[in-house]
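This report concerns only the one structure given below.
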Amino acid sequence: MHTLPQTFCDTITHLHSHKGQKWLTDFPQLIRYCEERWRINIHSHFPLCCPCA
């Protein structure tokens, strides 16, 4: 499974508290469900920063 950026996880937890933490915990299962449901392969995320910054 792909690892989400720590800053993203921190933001989700900060903004949504326990619900955010549960969503992050359940995220791998959600990805697997989407892959099976729509017969797709989800790959690593794009970098969440601008390389020209």
Margin query: Test: salt bridge (Lys or Arg N to Asp or Glu O under 4.0 Å). Region: residues 11-25. Which pairs qualify, not counting sequence neighbours?
Written below: Lys22-Asp26
Margin query: Measuring from atom CD1 of Ile40 to atom CD1 of Ile31, what distance do you get when rounded to the nearest 0.5 angstrom?
Written below: 8.0 Å
Notebook entry, point to check: Among Glu36, Arg37, Glu35, which residue meets the side chain to side chain contact (heavy atoms under 4.5 Å, CB included) test with Tyr33?
Noted result: Arg37
Notebook entry, point to check: Minimum heavy-atom separation for Cys9 to Leu4, with atom names?
Noted result: SG-CB, 3.8 Å
Checklist line | side-chain contact (heavy atoms from CB on, under 4.5 Å) involving Thr13 - partner list, sequence neighbours excluded | finding: Gln21, Leu24
Next item on the list: Determine the minimum heavy-atom distance between Ile42 and Cys34, stating which atoms define it.
Entry: CD1-CB, 4.3 Å
Note to self: Could you measure the distance from the CG atom of Leu15 to the CG atom of Asp10? Nearest 0.5 Å is fine.
What the structure shows: 10.5 Å
Check: Who are the side-chain contact (heavy atoms from CB on, under 4.5 Å) partners of Gln29, not counting sequence neighbours?
Finding: Arg32
